[in-house]
Amino acid sequence: MDYKNLAELLFPHITKTPEEYEAAFPQRDLPEGAKVTRLGPSPTGFIHLGNLYSAFVDERLAHQSGGTFYLRIEDTDDKRYVEGAVEIIINSLRFFGINFDEGATMEGDMGAYGDYTQSNRGPIYQCFAKGLVAEGKAYPCFLTADEINAIREEQEANKQTPGIYGKYAVSRNLTMEEIEAKLAEGIPYVIRLKSDGDMSLPEDQIRRVQVEDAIRGRLDFPANDQDTVILKATGIPTYHFAHVVDDHLMRTTHVVRGAEWLPSLPIHVELFEKLGWELPIYCHTAQLMKMDEETGNKRKLSKRHDPELSLDYYRNLGYHPAAVREYLLTILNSNFEEWRMANPDADIDEFQFTTEKMSTGGALFDLNKLNDISKDVLLKLSAAELFDFLKGWADEFKPELAHLFEDRKYLEKILDIGRHEAKPRKDHIYAQQMVENISYFFDDMFKMEDEFPAETAEDLPAILKAYLDSYDHADDQSGWFEKIRQITETMGYAVKPKDFKKNPDQFKGHVGHVSTAIRVALMGRQQSPDVWEIQQILGEERTRERISKFL
RNA sequence: GGCUCCAUGGUCAAGCGGUCAAGACACCGCCCUUUCACGGCGGUAACCCGGGUUCGAUUCCCGGUGGAGUCACCA
């Protein structure tokens, strides 16, 4: 068989040589140790938590080392390209603080290693596929879907590994004449890798491949023996081939991807070998898991079943991007939390991220933990930043809340309650929850959510009347509370809760009950920050109004 | 089923041959306190099993078991 002729027969339109591409995309001129990483999402426009998780690793690795992080659009499948997908991807990631140095952008490619959209790189893949064919390392395969199914059924019946390999790779043996004939007939075909692997050998003779994974350490598995498709009938490459060609030509140094790619690593290794290229450093990340309610077991998060996988889930609820970022980093690097405790105010980018500190097992997504982290993140924001964040969220998801933002000073004061004490309040977790928390500051959202305390039931009107009568908006906090004490005492309640606890028969209740009655009248709920502070923000008129309603 | 990965409390996790087996979240109790939140103190709770190697294994090796992933002209 004259492979050179075969290559020309198959790819007459490919005139460039692999060498030309090699020369066109030379080694990058980067400082020692600089890492080149990439994110390769499908253009469905759906960026999920897993993408974000992976993107963080890519971004940190590249930017921490003075390297390059680029965006490559992996659209080699037939799935429809969602309009504006690139924009969605870039914006989603930017929202979480991740920016690309190079790659696909809304205005087209940026960078010297493009094209960054795989569907535009057809000739490049075909050129290298042609090279492989010319060297007898790949071949055209004319098997139809039905024939492949028949082979699979036979293999399954014989309990053999399914696939096209060894003796099942019948197209390997086609003569030039047969190929020419099929071509002339217009029979569709794919290009398959001609694998050297042979699993039918005795076990100790099966070749094994070792790869040093930056996260997982030494990986060891049997060499690939599958004649994997590298070019589909359409001339478009499969992921495997596109990955190898692109990451080589784009001079990627570190390939960060999910553990679901581990099983196909031997294919990639063989491809790199056959092409005569150096292997990039692989970083196979752990998968984000979720507790399956039906089975009670951990399982990979799936976009079909798990809404919390969608980034929109967090944006809809109004989690602050910095909180999500902070949380992701705690599950990404086991020493991050420790570092954060030692450096509470440091910029998150000062943390030295390492692949060695990444865990290999799948982590369960923990909303509790996110909430806890979120409280601390939001505490560090100024009232103005909180306002802007909340407004940005409402503008996008809750336009009906626009009126909350009409009086900036007012809302800022509300959001800032109790945040500057020695032991600051941590009331804010995410936007939606914040709005619910502060709803009573707005008359149209005020609701009676809680009951008045039972202890004050009889005296309620009297208590509120006395409160209203003695109310002086100009009182300072201690002056204000002194008056509550007086009311408490004259109404037959204990001024000190301890006295009430000791002698419950002697009092109707204690100062806490009286305060709670006032709180409920004012806020419609039994729990809130300091009443005096709230009144100062509410203003005298509305304070009096709300109390009066119960008289 | 083959191959691969993984295995410390409910969750996330330190540990890398000798520890009373850290810490965080959650939970419970107490304290602080006019409620809640915050904060402080304390508590419940873990090395999957069986063999080796070793004076000594959570840690190293082997074998199970369990879980996960993957076996496409999808990525």
Side-chain angles (χ1 to χ4, degrees), chain A residues 40-42 44 74-79 118 141 143 145 148 152 156 159-164 188-192 199 213 216 219-222 224 226 228-240 242-243 257-266 284 286-287 289 291 295 297-300 327 330-331 334-335 337-338 340-341 357 359-373 375 379 417-419 421-428 437 450 453 481 484-485 488 495-497 510-520 523 525-532:
Chain A
S42 298
T44 57
E74 309 212 337
D75 56 347
T76 56
D77 63 349
D78 307 332
K79 277 179 230 147
Q118 290 183 332
C141 171
L143 254 22
I148 291 174
R152 190 200 324 280
E156 278 169 7
K159 296 198 167 151
Q160 291 171 307
T161 309
I164 303 303
Y189 65 95
V190 299
I191 301 294
R192 287 184 186 272
M199 298 284 225
D213 186 284
R216 290 162 189 271
L219 261 18
D220 176 290
F221 20 44
N224 172 56
Q226 295 272 344
T228 311
V229 173
I230 59 175
L231 239 41
K232 305 179 203 177
T234 51
I236 291 171
T238 55
Y239 168 86
H240 308 298
H243 149 55
R257 46 149 67 152
E260 69 268 24
W261 289 107
L262 244 19
S264 52
L265 186 51
H284 287 96
Q287 279 159 334
M289 312 290 274
M291 198 58 83
T295 64
N297 291 327
K298 276 204 229 174
R299 52 150 240 261
K300 185 181 163 189
Y327 171 69
T330 65
I331 54 177
S334 54
N335 54 335
E337 247 183 310
E338 205 174 284
R340 179 47 93 199
M341 273 189 266
K357 284 289 182 186
S359 75
T360 48
L364 222 47
F365 193 82
D366 186 352
L367 208 58
N368 274 327
K369 190 85 175 186
L370 207 210
N371 287 342
D372 182 65
I373 287 171
K375 286 182 190 175
L379 184 60
I417 292 175
R419 299 201 324 139
E421 329 297 324
K423 293 173 185 172
R425 299 188 63 90
K426 296 180 183 175
D427 291 321
H428 309 319
N437 248 353
D450 294 330
F481 194 60
I484 292 192
R485 281 205 171 97
T488 299
V495 173
K496 291 180 181 170
H510 61 75
V511 66
H513 299 124
V514 175
S515 301
T516 301
I518 295 166
R519 191 186 304 273
V520 172
M523 270 72 84
R525 48 178 88 165
Q526 293 204 357
Q527 286 137 18
S528 80
D530 184 74
V531 173
W532 180 82

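As a basis for the values below, the full set of heavy atoms in this structure was taken, side chains included, without hydrogen atoms, waters or symmetry mates. From a predicted model like this one, the values you see are computed outputs, not experimental measurements.
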For A:A242 and A:T76, the nearest pair of non-hydrogen atoms, with its separation, is CB-CG2, 4.4 Å

How would you label the contact of A:V229 with the nucleic acid (heavy atoms, under 4.0 Å): base, sugar-phosphate, or nothing?
sugar-phosphate

Any chance CD of A:E338 has more than 12 other-residue heavy atoms, nucleotides or ligands included, within less than 6.0 Å?
no

First of A:Y239 and A:P222 reached from the 5' end of RNA chain B, by closest nucleotide:
A:P222

Which of B:U70, B:A75, B:G23 is nearest the side chain of A:E74? It is B:A75

Could you measure between the two P atoms, the one in B:A13 and the one in B:C20, and give it in whole Å?
26 Å

Look at all strands and tell whether A:S528 reaches a base, only sugar-phosphate, or nothing, counting heavy atoms closer than 4.0 Å.
base

Base, sugar-phosphate, or nothing: which does A:L143 touch, judged by heavy atoms less than 4.0 Å apart?
base

Atom CH2 of A:W532 and atom P of B:U33: how far apart are they, to the nearest Å?
20 Å

Whole Å only: how far is the NZ atom of A:K369 from the P atom of B:A24?
9 Å

Nearest-Å distance, CD (A:E338) to P (B:A14)?
10 Å

Here the distance between atom C1' of B:A75 and atom CG of A:L262, to the nearest Å, is 16 Å

From B:C73, B:U35, B:A26, nucleotide with atom closest to A:R519 side chain:
B:U35

Parallel, tilted or perpendicular: which one describes the rings of A:H243 and A:Y239, with boundaries at 30° and 60°?
parallel

Side chain of A:R216 only, please: which of B:C5, B:G39, B:A75 is the nearest?
B:C5

Side chain to side chain, A:S264 and A:H240, heavy atoms closer than 4.5 Å:
yes

Is the distance from OP1 or OP2 of B:A75 to the nearest side-chain N or O of A:K232 less than 4.0 Å?
yes

For A:S42 and B:A75, is the shortest distance between a side-chain N/O and OP1 or OP2 below 4.0 Å?
no

Among B:A24, B:A37, B:C74, which nucleotide has an atom closest to any side-chain atom of A:K375?
B:A37

Under 4.0 Å between a side-chain N/O of A:R152 and OP1 or OP2 of B:C71, yes or no?
no

A:I331 versus A:K369: any side-chain heavy-atom pair under 4.5 Å?
no

Once you apply a heavy-atom cut-off of 4.0 Å, does A:S359 come out as touching a base, just sugar-phosphate, or nothing?
sugar-phosphate

A:Q226/A:T161 under side chain to side chain contact (heavy atoms under 4.5 Å, CB included): CA gap, chis, key distance, verdict:
CA-CA 10 Å; A:Q226 295 272 344; A:T161 309; 4.1 Å; yes

Trace of the side chain to side chain contact (heavy atoms under 4.5 Å, CB included) decision for A:F481 with A:V531
CA-CA 10 Å; A:F481 194 60; A:V531 173; over 6 Å; no

Under 4.0 angstrom between A:S515 side-chain N/O and B:U35 OP1 or OP2
no

A:M341 CE to B:G39 C1': how many Å, rounded?
16 Å

Whole-angstrom distance between B:G64 and B:C47, as gauged at atom P:
23 Å

Which part of the nucleic acid does A:N371 contact within heavy-atom distance under 4.0 Å: base, sugar-phosphate only, or nothing?
nothing

B:G1 versus B:C60 - spacing of their C1' atoms, nearest Å:
31 Å

If you measure from the C1' atom in B:U8 to the same atom in B:U58, how many Å do you get, rounded?
7 Å

Judged by nearest nucleotide, the residue sitting upstream toward the 5' end of RNA chain B, A:M199 or A:T330, is A:M199

Which of these nucleotides, B:U35, B:C38, B:A37, is closest to any side-chain atom of A:D427?
B:A37

Any idea which of B:G15, B:U34, B:A75 is nearest the A:K357 side chain?
B:G15

Nucleotide B:U34, atom C1' - distance to CE of A:M523 in whole Å
11 Å

Pair A:L265, A:H284 - check side chain to side chain contact (heavy atoms under 4.5 Å, CB included), show working.
CA-CA 10 Å; A:L265 186 51; A:H284 287 96; 3.8 Å; yes

Is a donor-acceptor contact shorter than 3.5 angstrom present between the side chain of A:R425 and the base of B:C36?
yes

Please tell me if A:K159 has a side-chain N or O lying less than 4.0 Å from either OP1 or OP2 of B:G2.
no

On a whole-Å scale, what distance lies between the P atoms belonging to B:G50 and B:C55?
22 Å

Show, in sequence, the C-alpha distance, side-chain angles and deciding distance for A:R525 and A:N437, and conclude whether the side chain to side chain contact (heavy atoms under 4.5 Å, CB included) test is met.
CA-CA 10 Å; A:R525 48 178 88 165; A:N437 248 353; 4.2 Å; yes

Using the rule for Phe, Tyr, His and the six-membered ring of Trp, do A:F221 and B:U4 stack at under 5.5 Å and under 30°?
no

With C1' as the reference atom in both, quote the distance from B:C31 to B:G10 in angstrom, rounded to an integer.
27 Å

Distance below 4.0 Å between A:K423 side-chain N/O and B:C32 OP1 or OP2:
no

Nearest to the side chain of A:E260, heavy atoms from C-beta on, is which of B:C5, B:C36, B:U70?
B:U70

The side chain of A:Q527 is closest to which nucleotide in this list: B:C25, B:A13, B:C36?
B:C36

Could you tell me how far B:C48 sits from B:A21 if I compare only their P atoms? Round to whole Å.
15 Å

Establish, with yes or no, whether the OP1 or OP2 oxygen of B:A75 is under 4.0 angstrom from a side-chain nitrogen or oxygen of A:R257.
no

Consider the side chain of A:W261, meaning its heavy atoms from C-beta on, and name the nucleotide among B:C73, B:G39, B:A75 that approaches it most closely.
B:A75

Of the candidate nucleotides B:A14, B:G23, B:C74, which contains the atom at the shortest distance from the side chain of A:D77?
B:C74

Distance, C1' atom - from B:G43 to B:C61, rounded to whole angstrom:
39 Å

What is the separation between atom CG on A:D213 and atom C1' on B:U4, rounded to the nearest whole Å?
12 Å

